[in-house]
**Student:** 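Following this message is one structure expressed as structure tokens.
Numbered from 1 within each chain, the chains take letters A, B, ... in sequence-line order. Quantities reported herein were computed from a predicted structural model and do not represent experimental measurements.
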2 protein chains.
Amino acid sequence: MGTVKRSETTPVSIGEGRTRYLGYTDHVMIAVVDFNDGPSLEPDPPHSHPHEQVSYVAAGEILLILGTAKTHLSEGDLFTVAPNVPHAVQTLTKHVRLIDAFNPIRRDFLGK
Amino acid sequence: MGTVKRSETTPVSIGEGRTRYLGYTDHVMIAVVDFNDGPSLEPDPPHSHPHEQVSYVAAGEILLILGTAKTHLSEGDLFTVAPNVPHAVQTLTKHVRLIDAFNPIRRDFLGK
């Protein structure tokens with residue numbers, strides 16, 4: 001893979017106003033996720049996955065729901081998600097960009 | 001770990017004008033690395049590590065040296081580094097922020 005230039009990449013739609021593009025090795029993946037549908041009136045439905053996740057808030061502000069905890073996060077903040085812990089995001093700004101890192105890689109994002 | 005708020009975190013110095021702060025689970029780590037010593041006249045010396053790495057350019061521009069390839073990268077671009085491949089960065093702007101994701105986690109960053 002080596003490099004993934006934003007200008008040469010077509011992010012995939014993952015819902016109305018939301019896109020994702022990826023960079024990955026065998027065991028670590030970064031998903032760059034843009035939310036242009038915010039701010040949201042309520043959080044997305046909680047979801048979970050067996051993958052470990054560490055995320056960086058690159059733009060905007062969110063309310064993170066992690067299990068039963070709710071935390072207001074903004075640019076520069078990080079959060080971690082252990083396997084199978086339900087989590088959800090409510091966007092608080094018009095645009096939000098999250099940098100989501102996963103291990104193992106999200107093969108479901110690759111259609112595999 | 002859960003959340004790491006930038007405003008409540010003291011990044012550690014990793015050299016003149018350079019700092020790092022971390023978020024991690026058992027198997028994936030994000031290091032937020034700020035370079036405030038740029039632009040640099042030449043690349044840093046190449047380094048390598050057995051960890052797989054995927055990085056996101058969050059601010060600024062860099063020249064990435066990956067093996068023998070040199071690539072100009074800017075905000076929004078990604079790059080990947082396979083285990084033990086020598087790589088180096090030359091900062092091309094006054095400030096650069098990289099979001100480096102690793103598996104396994106960099107225990108050397110934890111002093112372990």
**Student:** Indicate yes or no: at least one non-hydrogen side-chain atom of A/Leu64 is less than 4.5 angstrom from one of A/Val89.
**Tutor:**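 Contact flag for A/Leu64/A/Val89 side chains = yes.
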**Student:** Among pairs that include at least one residue of residues 40-64 of chain B, which meet salt bridge (charged side-chain N to carboxylate O under 4.0 Å, His left out), considering only residues two or more places apart or in two chains?
**Tutor:**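 Every salt bridge (charged side-chain N to carboxylate O under 4.0 Å, His left out) pair that includes a residue of residues 40-64 of chain B, provided the two are not neighbours, is B/Arg18-B/Asp44.
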**Student:** If you compare all heavy atoms of A/Thr19 against all heavy atoms of A/Ile14, which two are closest, and at what distance to 0.1 Å?
**Tutor:**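 Shortest heavy-atom separation between A/Thr19 and A/Ile14 comes out as N-CG1, 3.9 Å.
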**Student:** With the side chain counted from C-beta on, respond yes when A/Leu110 and A/Tyr24 share a heavy-atom pair under 4.5 Å apart, and no when they do not.
**Tutor:**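 Yes, side chains in contact.
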**Student:** A/Leu66 versus chain B, heavy atoms under 4.5 Å apart: side chain, backbone, both or neither?
**Tutor:**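 Side chain only.
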**Student:** Pick one of side chain, backbone, both or neither for A/Glu8, based on which atoms fall under 4.5 Å of a heavy atom in chain B.
**Tutor:**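 No part of it gets close to chain B.
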**Student:** Tell me, out of A/Ala59, A/Ala58, A/Gly76, A/Ala69, who's got the most heavy-atom pairs with chain B below 4.5 Å.
**Tutor:**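 Most heavy-atom pairs under 4.5 Å with chain B: A/Gly76.
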**Student:** With a 4.5 angstrom heavy-atom cut-off, is it the side chain or the backbone of A/Val85 that approaches chain B, or both, or neither?
**Tutor:**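 It is neither, since no heavy atom gets under 4.5 Å.
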**Student:** Non-hydrogen atoms of chain B under 4.5 Å away: do they reach the side chain of A/Ser55, the backbone, both or neither?
**Tutor:**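 Just its backbone gets close to chain B.
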**Student:** For the candidates A/Tyr56, A/Tyr21, A/Phe102, which exhibits the highest count of non-hydrogen atom pairs separated by less than 4.5 Å from chain B?
**Tutor:**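 Highest number of pairs under 4.5 Å: A/Tyr56.
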**Student:** What's the verdict on side chain to side chain contact (heavy atoms under 4.5 Å, CB included) for B/Phe109 and B/Asp100, showing C-alpha distance, side-chain angles and the deciding distance?
**Tutor:** CA-CA 12 Å; B/Phe109 289 177; B/Asp100 294 336; over 6 Å; no
**Student:** May I ask you to name which of A/Val81, A/Thr71, A/Val57, A/Thr9 has the most heavy-atom pairs under 4.5 Å with chain B?
**Tutor:**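 Among the listed options, the one with the most contacts to chain B is A/Thr71.
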**Student:** Answer yes or no on whether B/Arg97 is positioned over the face of B/Phe35, meaning its NZ or CZ is under 6.0 Å from the six-membered ring centre and within 45° of the axis.
**Tutor:**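 Not flagged: B/Arg97 not positioned over aromatic ring of B/Phe35.
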